[in-house]
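Since the structure comes first, as structure tokens, the remarks are kept for the end.
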There are 2 protein chains.
Amino acid sequence: MSSSEVDVVVQASFTVLDTLTRSAAGHDLSLTQLRLLGILRDRTPTMAAIADHLGLDRSSVSGLVDRAERRGYVARRASADDARVTTVELTEAGRTLGQELTATVEAGVEALLDCLRPADRKRVLEIARSVTG
Amino acid sequence: MSSSEVDVVVQASFTVLDTLTRSAAGHDLSLTQLRLLGILRDRTPTMAAIADHLGLDRSSVSGLVDRAERRGYVARRASADDARVTTVELTEAGRTLGQELTATVEAGVEALLDCLRPADRKRVLEIARSVTG
DNA sequence: TATTGTTATACTCTATAACTATA
DNA sequence: TATAGTTATAGAGTATAACAATA
């Protein structure tokens, strides 16, 4: 694979990520906050699990959750099993916002893929699944 | 396209971006600094052109270039045509670092795509080109 | 002793607003 | 007047180190 071909893959990823960033910004959120809400959509993880998932230090997640909590999108809950552990969950407002974001992101990504032929759209999904692993 | 299929595309983009972020961090750079060096690889843009390319405010680019300049990777040059204009170029150290980054990123992206069959690798490049436009 | 999470600190990144210099 | 770039300011995001509470 030539270096220009790597460029193309990287540029395409930036294009998708720019779409996500704009979707988040439209709701006055950062990309990281968007990812946090995405993680909480179907989970109630511990602080450590969030850090692992986002590849961040735990202290960074403390601040991240602080700001999301201050805005009313998430809530901390003490674990019943282990008094050291804190779990994080969406509030009703957070869930509503998450659903709006999902719709916005979906529209943005679909717009990006609208230029592809049906066979290519099928293929890009297969490839994306392979990359995700 | 179902929402789970959008998820797959988004997750694949995050995977590529995480590879880039790790490549940059390995050289003690942020993703934005990596993008800046990438832009300068084959151009000598004005501050305004960098801002347009990265989708940032010009004041953000001033700080970005300040920090890169302080580390010896880029240099500002006054335009001969228009005294208001400043162009930015790589230093020798910046070019060397950029080449190292290119190699690191290339290896990382290739590792991601190693699971694909040859026909798929060809296809992903075509699709990536379409998305990039 | 080891682990979970927070706090203190420092830096990068980013935008808005106000400014200077030039066109 | 309009444009290019900077500076001042404020806030978000991030890591490191030190810490408290719990296991």
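Heavy-atom basis, side chains included; hydrogens, waters and symmetry copies ignored. Here is the naming used below: chain letters follow the sequence lines, and residue numbers restart at 1 for every chain.
Protein atom CZ of B/Arg35 is 14 Å distant from nucleotide atom C1' of C/dT14, rounded to whole Å. Distance A/Leu36 CG to D/dA12 P: 15 Å, rounded to the nearest Å. Between the CZ atom of A/Arg77 and the P atom of C/dG5 there is a distance of 15 Å, given to the nearest Å. What separates OH of A/Tyr73 from P of D/dA12 is a distance of 12 Å, to the nearest Å. Across the protein-nucleic acid pair, B/Asp28 atom CG and D/dT14 atom C1' stand 13 Å apart, rounded to whole Å. The interatomic distance linking B/Leu31 (CG) with D/dG13 (C1') rounds to 13 Å, in whole Å. Protein atom CD1 of B/Ile50 is 14 Å distant from nucleotide atom C1' of D/dT6, rounded to whole Å. For A/Gln33 and D/dA12, the CD to P distance is 9 Å, given to the nearest whole Å.
Note on A/Arg76: a side-chain N or O is less than 4.0 Å away from OP1 or OP2 of C/dT6. Between B/Arg67 and the phosphate of C/dC11, there is no side-chain N or O to OP1/OP2 separation shorter than 4.0 Å. An OP1 or OP2 oxygen of D/dT7 is reached within less than 4.0 angstrom by no side-chain nitrogen or oxygen of B/Ser62.
Qualifying side chain to side chain contact (heavy atoms under 4.5 Å, CB included) partners for B/Arg84, counting only residues two or more places apart in sequence or in other chains: B/Asp82. Residues passing the side chain to side chain contact (heavy atoms under 4.5 Å, CB included) test with B/Ala25, sequence neighbours excluded: none.
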Q: Take B/Val65 and B/Thr86, measure what side chain to side chain contact (heavy atoms under 4.5 Å, CB included) needs, and give me the verdict at the end.
A: CA-CA 11 Å; B/Val65 171; B/Thr86 298; over 6 Å; no
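Closest to the B/Leu64 side chain, of the nucleotides C/dT7, C/dT14, D/dT7, is C/dT14. When distances run from any side-chain atom of A/Thr32 to the nucleotides C/dT14, C/dG5, D/dG13, the shortest one goes to D/dG13.
Environment of CZ in B/Arg76: crowded, with over 12 heavy atoms of neighbouring residues, nucleotides or ligands closer than 6.0 Å. Around the CZ atom of A/Arg43, the shell of radius 6.0 Å holds more than 12 heavy atoms that belong to other residues, nucleotides or ligands.
Place A/Arg71 and B/Met47 on DNA chain D by their nearest nucleotides, and B/Met47 ends up nearer the 5' end.
Side-chain contact of A/Ser79 with A/Asp81: a donor-acceptor pair under 3.5 Å is absent, judged by distance alone. Looking only at atom types and distance, the side chain of A/Arg77 has no donor-acceptor partner in the side chain of A/Thr44 under 3.5 Å away.
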Q: Assign a letter to each nucleotide of nucleotides 15-23 of chain C from its 5' end: B, base within under 4.0 Å of a protein heavy atom; S, sugar-phosphate only; -, no contact.
A: BBB----BS
